[in-house]
Amino acid sequence: MKRLLHFFTFLLLSFNGLSQDKTPQKVKINGEISVSPSGEIWLAQYDGRLFFTKDIGSLWHEVANKLNYKKESLSSGGIRSIHFFSEDTLIISGDIEDKLSDKQIVYWSGNHGKNWEKIEIAKEVQFDATYFGTSKIALLCGSSQFHYLSHDAGKTWKTINKIEASGNLRINTIHFSNNEKIGLLGSHWNVLYRTDEHCEHWEKLPTPLSQNKYQRISKEERPDIDKVRIFGSHYIIKQQGRTFVTRADSIDWKKVKQVLNFEVTENEGLFIIYKDLTIELFDSNFVSVWKSEKKISSTPSSIAVRDNSLFVLAEGSIYKITPQEFTETEIKSNDIRIEEDPNRPTEPYQTVSYHGEKYGGLYDEIVIFNKKSKKWDSWLSLDFGSGSLTVWNDQLLVSNQGFTKYYSINVQERKLDEIKDVTKLFVIPEFDKLVKFDISFVQSGCFHFAAKKNTYTKNRGKFILSSKMILPLEKAKSKKRSVPFLAKMSKMIDAKKIEELLTEISTSKLKINTVGDLQLTQNDISEFKKFIDGKATEIMKNGIPPFGSYSTYNDLYAFPGENADFNFYKKIADTLLLNPEFPIHEALYQGGGIVSTSIEDRRLTFTFNNQKTFSISNSDTYPNYLHSPWTLLAKEQLVSKVNSLGVGKLVNEITNGDFLEKKVTDKRYAIFRIADYYYQKKLEEDK
């Protein structure tokens, strides 16, 4: 009998082991976090999905009873906040419109999220600012400029008239003191009001901008008040990315530099998260009581406070932070699958087959395809965002997003080995095996596509134009003949020139460009300074075009505003000749600053007699000097960057200046990109 009992016990343990065989996987869920009085951490995503964990470090689960609306009922704002009034009473708000009533709603639960009730607020309004208090007070403000106040934890609401009867005052942020007697409301357009608990009396307060504590770079900038908080006898405000603190009884804003975010505690303390990702805690008198030695891993996407602890959501991790504790745990789950996560694509953005398995790159991890479940499983976490996943010389390789570092993946041990000399990693085939090269130009956008390509074939030490291709375009209304593609480029290219280009590509993949590479003269600097003076006069007279206008997409010399420090640009230019060894690769490695759906891709593709091909491509919405850096592709898999200015110069020579845009080959443009890079850094450091 004992043997039989032992046998059944063994079977039971075996079945339990099998049922719990799942390995917790790291998941990238994102949204707004809130912490219940018992310490449960909840997260509300934009699309209405809810997730929770019992406490810091435990596995995450999806709330079974989802909010009862379809994804398409959300307008652009989505879910913006989740709040616990008590352990059982929750409220979720955002830009949510009920399809049947056309009214903006909040979701309310009185039984810890088991059931949700739709509470209708008003028609034709979007909630930009919300406040949910520690007791039962709640206040919503939105596009209608009316305010909606609740004193019973969000069950019923009353409408409060506009603060200003005329005008267009749209509130962006709200906060009340811990006793909920005094509230602050900040608007999109540089207006700050103080009110009482019933929102019956309003007092206009000066803002940092109205007190001239900083100057807007451009009148086109909207002077938003992004966030306000009250702690002790002080107020803290974030306006246009700048943070200021003042005493409440005498408004005199003082700048606090390099602040990412902040939140107040129940005992009227203040947590500040700095741009270097450290944390500092202040008391109610704005006296520092603690500063962290540790850092969070990345910019936080959401923060919350409960029991005087700071909770931070950042890149798939949750932090709990106090002077006594700095806990980081990854968000892991057994039942939230990768393909169910709306913040990730359903497929990795790059996949490769290696030794019978299929691997993919997905943000900061390598995933593997599960042949049984037909799903992607987490396999190897990375400390960086993956840029390229490829198989090369029978190695599985992954790079960082800047393509400056490469790692060989040890599949058996699931670990990375950094490759010290990246320049020797991707060897271009022997030049004598090159049989042809293509040079192409593709324009694409929402409503247009055009492609042109010339092919040069090797013949007796020369590369001879052998074919042309132009994809059909809409017939031009003008009777003027269009200029042929690469009309100035010779139909016969000396092979030595192409060999020189291949050598430059092969030997300078990660070249550190210096001022000396520009070969500047004193005349170049003088002409640049005259140009800056001319632009300053023009901008002071006419201003700058509104952001997003057509001219901002076509002017390569885009200054940040009419109040820009033009002398700074000239000072940077003056320093360039003093130190020819000064590195400029960072300034000339940056992509374009303006986002557009229109892309121009310039590409050279080299084909060898063993059918191996590789390309160098420059594709951007806003070109850099000499269209640098160039992207090196092999078998259409991104493998490296070529940052050498020499590549652009040689391409320009080979094409007789007919392939690269003339305005981006001008040294003046190079000086501008360098000066503007350091000016933008200065502006950011001053915040």
Side-chain angles (χ1 to χ4, degrees), residues 402 404 423 488 497 500-501 503-505 507-539 554-560 564-594 602 616 618 620 622-631 641-685:
T404 57
T423 60
K488 296 179 182 179
K497 207 66 182 173
E500 187 181 352
L501 175 60
T503 301
E504 182 69 18
I505 294 169
T507 59
S508 57
K509 295 187 187 72
L510 297 177
K511 178 179 172 62
I512 304 300
N513 292 301
T514 65
V515 171
D517 293 321
L518 298 178
Q519 299 179 334
L520 297 175
T521 66
Q522 186 60 57
N523 185 62
D524 293 328
I525 302 300
S526 299
E527 289 299 316
F528 175 78
K529 291 165 69 175
K530 288 179 184 177
F531 167 76
I532 292 294
D533 287 336
K535 292 294 289 187
T537 301
E538 176 189 331
I539 290 173
N554 290 272
D555 184 6
L556 296 180
Y557 297 91
F559 292 87
D565 184 355
F566 297 100
N567 284 326
F568 184 91
Y569 287 79
K570 295 193 290 184
K571 289 177 182 176
I572 291 292
D574 280 332
T575 64
L576 294 180
L577 289 179
L578 300 177
N579 187 2
E581 298 303 316
F582 185 76
I584 56 172
H585 61 286
E586 286 189 10
L588 297 183
Y589 197 81
Q590 306 301 309
I594 295 178
R602 288 169 171 78
I616 58 167
N618 182 271
D620 208 339
Y622 206 65
N624 208 333
Y625 174 61
L626 286 175
H627 289 273
S628 62
W630 293 79
T631 299
K641 289 278 188 180
V642 181
N643 203 32
S644 166
L645 297 180
V647 171
K649 289 177 181 178
L650 285 169
V651 169
N652 207 38
E653 288 178 21
I654 290 168
T655 60
N656 285 326
D658 205 21
F659 188 52
L660 308 185
E661 290 179 86
K662 199 162 189 176
K663 54 188 176 181
V664 305
T665 64
D666 192 332
K667 289 182 183 179
R668 184 180 73 183
Y669 184 52
I671 300 171
F672 173 79
R673 287 304 297 260
I674 295 167
D676 190 63
Y677 170 78
Y678 285 105
Y679 187 52
Q680 297 289 353
K681 285 187 69 173
K682 178 181 180 297
L683 291 178
E684 190 60 33
E685 289 168 0

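In terms of heavy-atom proximity, N618 sits nearest to W630 at N-CE3, 3.7 Å. I525 approaches A573 most closely through the heavy-atom pair CD1-O, 3.4 Å. Between A670 and L588 the shortest heavy-atom distance is O-CD2, 4.4 Å. In terms of heavy-atom proximity, L578 sits nearest to D574 at CG-O, 3.8 Å. Among all heavy-atom pairs drawn from E504 and S644, the shortest one is OE2-OG, 2.5 Å. Heavy atoms only, all atoms of each residue included: I512 and P583 are closest at CG2-CB, 4.0 Å.
Rounding to the nearest 0.5 Å gives a distance of 11.5 Å between OH of Y677 and CD1 of I584. With rounding to the nearest 0.5 Å, the separation of NZ in K535 from CZ in F528 is 11.5 Å. For the atom pair NZ (K649) and OG1 (T665), the distance works out to 11.0 Å, reported to the nearest 0.5 Å. Atoms CD1 and OG1, from I532 and T537 in turn, are 11.0 Å apart once rounded to the nearest 0.5 Å. Put simply, CG on D517 and NE2 on H585 are 11.5 Å apart, with the number rounded to the nearest 0.5 Å. Here the CG atom belonging to L576 is positioned 10.5 Å from the CD atom belonging to Q522, to the nearest 0.5 angstrom.
Contact annotation: the side chain of E581 never approaches that of V515 to less than 4.5 Å [non-hydrogen atoms, C-beta and beyond]. Looking at V647 and L501, their side chains come closer than 4.5 Å, going by heavy atoms from C-beta outward. Between E527 and K530 there is a side-chain heavy-atom pair separated by less than 4.5 Å. For the pair N567/K570, a side-chain contact is recorded, criterion being any heavy-atom separation below 4.5 Å from C-beta on. Between Y557 and R668, some side-chain heavy-atom pair lies under the 4.5 Å cut-off. The closest side-chain heavy-atom distance from L520 to L577 is below 4.5 Å.
Between R673 and Y669, the side chains place a donor N or O and an acceptor N or O closer than 3.5 Å (distance only, hydrogens not considered). A side-chain donor-acceptor contact under 3.5 Å links D524 and T521.
Without hydrogens or angle criteria, R602 side chain to L660 main chain gives no donor-acceptor distance under 3.5 Å. With N513 contributing its side chain and N643 its backbone, the two residues share a donor-acceptor pair below 3.5 Å.
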Check against ring pair (Phe, Tyr, Trp, His ring centres under 6.0 Å), F531 and F672: CA-CA 10 Å; F531 167 76; F672 173 79; 7.3 Å; no

E685 vs K682, salt bridge (charged side-chain N to carboxylate O under 4.0 Å, His left out): CA-CA, chis, key distance, verdict: CA-CA 5 Å; E685 289 168 0; K682 178 181 180 297; over 6 Å; no

side-chain contact (heavy atoms from CB on, under 4.5 Å) evaluation trace for Q680 with D676: CA-CA 6 Å; Q680 297 289 353; D676 190 63; 3.7 Å; yes

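With respect to E684 and K681, no salt bridge is recorded, no charged nitrogen being found less than 4.0 Å from a carboxylate O.
Among the candidates L645, V664, I674, the single residue satisfying the side chain to side chain contact (heavy atoms under 4.5 Å, CB included) test with Y625 is L645. Considering F566, F559, Y569 as possible partners of Y679, the one that fulfils the ring-ring contact (aromatic ring centres under 6.0 Å, His included) test is Y569.
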